[in-house]
Structure formats: C-alpha cells, structure tokens
Amino acid sequence: MIVVKKVCAFIVLCAIVSSGCFAQRSNQTADRKANPETKALYTNLKKLAEKYTLFGHQDDLAYGVGWRNEEGRSDVKSVTGTYPAVYGWDMGHVELDSLKELDGVPFDRLRQFIKDVYKRGGINTISWHTTNPIDHKSAWDTTQHIVTQIIPGGAKHELYKAYLDKVAAFVGSLKTDEGKAIPIIFRPFHEHTGTWFWWCENVSTVDEFKSLWRFTVDYLTKTKGLHNLLFAYSSADFSSKEKYLERYPGDDYVDVLGFDIYCFDDLQAYQKKLDGQLSLLQQVAVEHNKIPALTETGYERVPNSTWWTQTLMPVLVKYNMAYVLVWRNDRPAHHYAPYPGQQSADDFKKFYADPKIIFEDKLTPLSIYKNQKL
Ligand code: BMA
C-alpha cells in the first residue's frame with residue numbers, strides 16, 4: 001500500500017513539473033536549430049551581462065566625423081585605442097536590391113566589415129530601416145496601413161516574402177572564409193511603440209504586429225534555413241511591463257530584449273526615464289529569461305564634456321545590460337560617439353576604462369563564439 005502511495009505521489013509530482021509549474025523559462029535560442037556559434041553567443045552574452053556591459057557603436061568602421069571608408073579607421077578606436085565590442089549595422093534598402101544601404105554603405109563593404117568584426121571576436125547586430133513592400137516608400141512613411149496587408153492572409157503578403165528573400169540572401173552571404181555562417185543579432189521593426197515607422201503602434205494592431213514578427217522569424221529560419229540569427233525585440237518609450245510586452249511575440253520568437261532612448265538637453269529628465277525603463281526591462285528579462293540590452297542611445301553631438309561618466313554611467317551601472325549601443329557618427333552635426341578633439345573625448349576614455357564596460361580589447365580574449373565556461 002505504502003509503495004502504491006509513493007508511486008502515486010511520484011506520478012503527481014512528475015505531472016506538476018511537466019505542466020510547467022516548476023519549469024524554468026526556456027534557456028534556448030528562439031531558433032532551436034541555431035548553429036553552435038550562435039548558441040554560444042547567446043549563452044555567453046547572457047552570462048557576461050551579469051557582470052559587464054559591452055559598448056557598441058552604429059556603422060563604426062564605415063565612416064566617422066570627417067572621413068569615410070578608410071581601412072581600419074574608427075572614431076571610437078581613434079579616441080580609446082580599441083574598437084567597440086558591438087557593431088550596429090543597418091540593411092535598409094537590401095530589399096530594393098540596392099548596392100548601398102540607406103546611409104550609403106555599400107553592401108559589399110558591409111559584408112566585409114561583418115566578417116572582420118567576427119574574426120576579431122566582436123559582435124554584429126543589424127537593424128532594418130526597410131521601405132514598405134507595397135509602394136517602396138521609406139520606413140518613415142506612415143500614410144497607409146501596411147502591416148495588415150503584408151502579413152499571412154493579407155493581399156500583399158507575397159510582396160513581403162519577396163522582401164524577406166532579399167534579406168535572407170544577404171544574411172546567408174555573411175560567412176567566414178571557411179564558409180561558416182556568422183552569428184548576427186537581427187533587430188527588425190524597432191521602436192514599435194513610437195509613431196514614426198510603418199510598423200509602429202499607430203498604424204498596426206497588436207495582433208498584426210505579432211503576426212508580422214512571427215512570420216518573419218519563421219520564414220527566415222524555417223523556410224530559408226538561416227541558423228545564424230538571434231532576434232532582438234526593441235521598443236521606443238514605455239511606462240510599464242505590460243506596455244513593454246504588449247506587442248511581444250512570445251518567448252519562442254525573441255532572444256534579446258531592449259529599447260531605444262535618446263538624451264536631449266535636459267540630462268536629468270533623460271536619466272530619470274532611462275532609469276525607470278532599464279528597471280522595467282531588467283525585470284522583464286529576468287522573468288522571460290532573455291538577454292537585456294540598451295539597443296540604442298546617445299546624445300547628438302555629445303555637447304556635454306562629462307556625459308559618459310556623469311550622465312550615462314551612473315544609471316547604466318545599476319543594471320545588468322549585455323550591451324549599450326550609441327548611434328552613428330555621420331557628420332559634425334549628427335554624431336553620438338566622440339572623435340579626437342571632440343569635447344567629451346577625455347570623459348569617453350574614462351568610460352572606456354571603467355571595469356564594468358567592455359570594448360573589443362577585452363572581448364576578443366573571451367572567445368564569445370565558443371561553447372565554454374566564462
Ligand atoms: C537616424 C538618422 C538618419 C539615418 C537613420 C537610419 O537616426 O541617423 O540619418 O538615416 O537613423 O540609420
């Protein structure tokens with residue numbers, strides 16, 4: 001009798017565990033078939049985030065203030081002596097078969113930059129300021145409801161598939177000389193809680209957005225067979241966990257959680273908003289077992305000489321963000337990282353030297369694409 005009772009108790013316990021009561025949120029990549037390097041990146045980035053934050057810069061190798069396309073040059077390196085750990089790129093206009101992405105970087109160069117970064121043990125993340133597949137107007141054109149027409153069941157769905165075919169062809173071409181697919185953190189449909197892109201919340205419903213996201217992930221991984229992608233869900237402003245998760249397509253479709261936020265002249269207002277949102281993001285990331293990151297930030301022209309250590313750092317240091325990425329250095333009036341002589345350059349060197357922050361010199365020895373104990 002006692003044996004029967006014990007067996008029954010064991011069966012009940014198994015049922016509870018398998019029903020998910022005690023089950024931990026999945027610790028796997030959204031693409032279960034991701035290649036070993038991509039899985040290692042996922043695991044290692046999550047581990048590193050417990051202690052460190054990697055520094056990232058958009059288009060770092062392609063151009064800077066006063067220069068364009070000079071082999072090996074980087075404004076970040078010119079100031080600190082080393083490259084960023086994370087490199088942001090954009091593939092807007094790949095969908096148009098254009099030779100250059102939307103900010104003028106030739107796709108052939110972009111491919112080479114991504115290869116160089118990977119070889120040095122750095123991390124590549126790609127956003128997609130895509131035109132819309134219906135009339136090819138810019139990402140910022142919100143004059144019609146596009147999403148409802150291009151998701152599965154929509155009249156223009158095939159046009160969206162044709163766009164994704166171009167994305168898949170480019171991503172599929174990101175390989176090492178030995179033919180290994182290079183891991184990429186893909187960050188589509190960013191800032192969706194804003195109102196300025198055709199995929200934003202003012203021009204798509206919650207369900208339409210989720211359908212667009214899920215279709216995109218499934219098409220790239222299952223139909224096109226790409227297994228080198230981690231997927232980053234990154235919003236603009238939000239004021240609660242519920243709001244942040246409103247358009248969340250689900251744990252099986254996302255690897256990195258982030259948001260984009262910019263600093264304007266009221267530094268304290270920026271700090272307050274950043275602090276509040278990072279706190280919410282961190283809670284959501286823990287609850288969903290995902291990698292948290294500050295996917296875009298910065299202060300245009302960095303017109304404050306201690307912005308890095310006195311404005312950004314005091315807030316950043318409170319949280320476990322895997323990386324923080326500042327936007328591109330296009331011209332004197334539009335840049336987010338310093339260059340030699342720029343007024344925040346000395347302060348940026350102090351930020352670089354902070355033990356919590358990792359640039360490429362400290363990342364390379366960690367071999368983040370290898371499955372190992374960090
Ligand atoms: C914006 C600006 C634009 C650019 C776009 C996409 O923030 O930098 O000049 O075209 O990002 O990179």
Side-chain angles (χ1 to χ4, degrees), residues 55-69 74-76 84 86-96 98-111 113-114 117 123-133 136-142 146 163 166-167 170-171 184-200 202-203 232-237 258-265 270 273-274 277 293-303 307 312 323-339 342 344:
F55 176 77
H57 185 214
Q58 185 75 6
D59 281 353
D60 185 80
L61 303 171
Y63 53 82
V65 177
W67 62 273
R68 206 166 179 97
N69 201 16
S74 143
D75 282 346
V76 166
V86 175
Y87 297 73
W89 310 107
D90 198 274
M91 60 179 154
H93 294 186
V94 77
E95 70 281 358
L96 303 178
S98 167
L99 290 177
K100 295 175 176 176
E101 52 81 277
L102 85 164
D103 295 316
V105 182
F107 280 106
D108 281 348
R109 293 290 296 149
L110 189 49
R111 185 180 300 110
F113 291 142
I114 287 170
V117 165
I123 297 171
N124 292 291
T125 173
I126 309 185
S127 51
W128 187 27
H129 282 82
T130 176
T131 59
N132 79 67
H136 314 298
K137 286 194 182 158
S138 92
W140 290 267
D141 182 64
T142 54
I146 299 292
Y163 262 27
K166 314 273 183 195
V167 167
F170 180 67
V171 171
I184 301 290
I185 300 174
F186 182 38
R187 191 170 69 97
F189 312 123
H190 64 301
E191 301 176 3
H192 57 267
T193 58
T195 53
W196 42 89
F197 295 129
W198 59 256
W199 53 86
C200 280
N202 54 328
V203 276
Y233 170 86
S234 118
S235 72
D237 284 357
F259 64 85
D260 297 357
I261 182 173
Y262 281 88
C263 179
F264 298 96
D265 288 343
Y270 167 75
K273 202 201 273 183
L274 180 66
Q277 292 189 182
L294 182 47
T295 43
E296 271 186 45
T297 196
Y299 188 9
E300 192 179 52
R301 292 181 291 111
V302 212
W307 188 79
L312 178 62
Y323 62 89
V324 51
L325 181 138
V326 301
W327 206 238
R328 60 201 202 101
N329 273 18
D330 185 42
R331 52 188 191 276
H334 188 57
H335 68 87
Y336 294 85
Y339 48 89
Q342 198 274 342
S344 74

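Along the sequence shown, residues are numbered consecutively beginning with 1. Counting convention: from 1, in listed order, for ligands and their atoms alike.
In this structure, of His334, His335, Gln58, the residue bringing a heavy atom nearest to atom 8 (O) of ligand 1 is His334.
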- [ ] Could you give me the CA-CA distance, side-chain angles and deciding distance for His129 and Phe197, then say whether ring-ring contact (aromatic ring centres under 6.0 Å, His included) is met?
- [x] CA-CA 9 Å; His129 282 82; Phe197 295 129; 5.4 Å; yes
- [ ] Take Asp237 and Phe259 through the test side-chain contact (heavy atoms from CB on, under 4.5 Å) and record every step on the way to the result.
- [x] CA-CA 7 Å; Asp237 284 357; Phe259 64 85; over 6 Å; no
Task: Residue pair Asp260, Arg187: steps toward the salt bridge (charged side-chain N to carboxylate O under 4.0 Å, His left out) verdict - done: CA-CA 11 Å; Asp260 297 357; Arg187 191 170 69 97; 3.1 Å; yes
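Contact of the Trp198 side chain with the Thr130 side chain is registered, since non-hydrogen atoms from C-beta on lie closer than 4.5 Å.
Residue contacts with ligand 1, taken as heavy atom pairs separated by less than 4.0 Å, involve Arg328 solely via side-chain atoms from C-beta onward. Here Asp103 has side-chain heavy atoms under 4.0 Å from ligand 1, and that is the only part of it that gets that close.
Aromatic ring pairs are classed by plane angle as parallel below 30°, tilted from 30° to 60° and perpendicular above 60°; the pair Trp89 and Phe113 is parallel.
The shortest contact between atom 5 (C) of ligand 1 and any protein heavy atom is with Trp140 CH2, 3.9 Å.
An N or O contact shorter than 3.5 Å links Trp327 to ligand 1 by distance.
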